[in-house]
Protein chains: 2
Amino acid sequence: MITFEEAVIRSNIIKAMAHPVRLLIIEYLKEGPQAFSEIFGLFDLDKSTVSKHLHVLKETGIVTSRKSGADMVYTLEVPCVTDFFGCVTAVIENNVRRQQVCLCKR
Amino acid sequence: MITFEEAVIRSNIIKAMAHPVRLLIIEYLKEGPQAFSEIFGLFDLDKSTVSKHLHVLKETGIVTSRKSGADMVYTLEVPCVTDFFGCVTAVIENNVRRQQVCLCKR
DNA sequence: TTGATTGTTGGTAAATGGGCCAATAGGTCA
DNA sequence: TGACCTATTGGCCCATTTACCAACAATCAA
């Protein structure tokens with residue numbers, strides 16, 4: 001078993017991924033580093049909102065940023081986070097399977 | 001890229017894991033199904049609080065529950081969620097590495 | 001320097017999350 | 001049946017999150 005303190009640290013990192021906008025940003029950065037303006041263009045949100053989401057990802061060490069000319073470029077630092085989504089997909093598939101069983105029984 | 005709707009579904013599952021108590025419950029259930037009273041005993045929390053955390057895990061399909069005599073027994077349905085923590089650890093190690101660099105520069 | 005463009009920060013309101021207590025539901029067992 | 005035990009649900013309060021707008025900082029061009 002892990003300690004409670006360790007669980008707090010882990011949950012903070014997981015929390016950073018626990019938002020649809022931040023998930024999409026991570027997915028997008030899998031393709032390579034991207035400028036803020038490109039990331040911003042993915043969403044129908046205020047600039048400041050997207051900036052704050054990126055700040056959360058930076059704080060937890062999932063992405064980093066650097067200036068490049070006029071742009072701010074964001075880079076995914078931990079590519080393995082995407083492996084994890086395979087597990088999330090497994091959860092979803094498991095749910096679908098169980099729902100089908102429910103439907104059959106009715 | 002995934003759709004926004006898909007990202008919402010995924011983030012709901014990730015959210016279910018984004019709490020230290022729920023992480024510890026998942027860790028505990030890796031060892032096998034456990035009665036509510038055993039899970040409850042891990043924490044210094046109200047019964048109702050632990051019950052609500054388990055409810056969140058049930059809703060997302062991460063655990064299931066069944067009655068066994070007087071007890072309610074919880075089972076981890078998606079063992080792969082634990083693989084994912086390897087990635088979280090990678091994020092943590094990456095953070096430590098970068099912090100050390102910072103310390104060296106100062 | 002001035003003006004335009006780009007991204008961050010501060011403030012605030014609404015929504016969500018997490019804790020406890022009290023009440024309830026659903027079993028078990030004498 | 002009635003008393004008891006176990007887990008869940010409802011209600012409430014406080015803290016956090018997330019969105020927008022507005023103001024600010026920082027950079028590039030003229």
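Below, chain A is the first sequence line, B the second, and so on; all start at residue 1. This structure is a prediction, so every number in the text was calculated from the model and none was measured.
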Let me know the distance between [atom1] of [X] and [atom2] of [N], rounded to the nearest Å.
| X | N | atom1 | atom2 | answer |
| --- | --- | --- | --- | --- |
| B/Phe36 | C/dG27 | CZ | C1' | 15 Å |
| B/Phe43 | C/dG18 | CZ | P | 13 Å |
| A/Glu38 | C/dT6 | CD | C1' | 14 Å |
| A/Asn12 | C/dG18 | CG | P | 12 Å |
| B/Arg22 | C/dG17 | CZ | P | 9 Å |
| A/Leu57 | C/dG7 | CG | P | 16 Å |
| B/His55 | C/dG19 | NE2 | P | 15 Å |
| B/Glu59 | C/dG17 | CD | C1' | 13 Å |

Side-chain heavy atoms of [X] within contact of [Y], under 4.5 Å:
| X | Y | result |
| --- | --- | --- |
| B/Ile14 | A/Ile14 | yes |
| A/Thr75 | A/Val63 | no |
| B/Leu76 | B/Tyr28 | no |
| B/Phe43 | B/Thr49 | no |

Chain B reaches DNA chain D, atoms under 4.0 Å from its heavy atoms, from D/dT6 to D/dG11
Interatomic distance, CZ@B/Phe40 vs CE@B/Met72, rounded to 0.5 Å, equals 15.5 Å
### Criterion side-chain hydrogen bond (donor to acceptor under 3.5 Å, both in side chains) on B/Lys58 and B/Ser65, from CA distance to verdict
CA-CA 8 Å; B/Lys58 265 178 71 176; B/Ser65 64; 2.9 Å; yes
Judged by nearest nucleotide, the residue sitting upstream toward the 5' end of DNA chain D, A/Lys15 or B/Ala70, is B/Ala70
Please tabulate the protein-to-nucleotide N/O contacts below 3.5 Å involving nucleotides 21-26 of chain C, giving atom names and distances.
from, atom 1, to, atom 2, distance (Å)
C/dC21, N4, B/Ser48, OG, 2.8

Quick check: is A/Tyr74 connected to A/Leu42 through a chain of hydrophobic side chains (ILVMFWY, heavy atoms under 4.5 Å apart)?
yes
Problem - Side-chain N,O (B/His53) to OP1/OP2 (C/dG17) below 4.0 Å - result: no
- Message: At less than 4.0 Å, is any side-chain N or O atom of B/His19 found next to OP1 or OP2 of C/dT16? Yes or no.
- Response: no
(message) Could you check whether A/Arg10 pairs with B/Glu27 (Lys NZ or Arg NE/NH1/NH2 to Asp/Glu carboxylate O, under 4.0 Å)?
(response) yes
Looking for any heavy atom pair under 4.0 Å, which part of the strands does A/Tyr74 touch: base, sugar-phosphate only, or nothing? sugar-phosphate
side-chain contact (heavy atoms from CB on, under 4.5 Å) between A/His19 and B/Lys15, worked out
CA-CA 8 Å; A/His19 189 287; B/Lys15 252 182 220 148; 5.8 Å; no
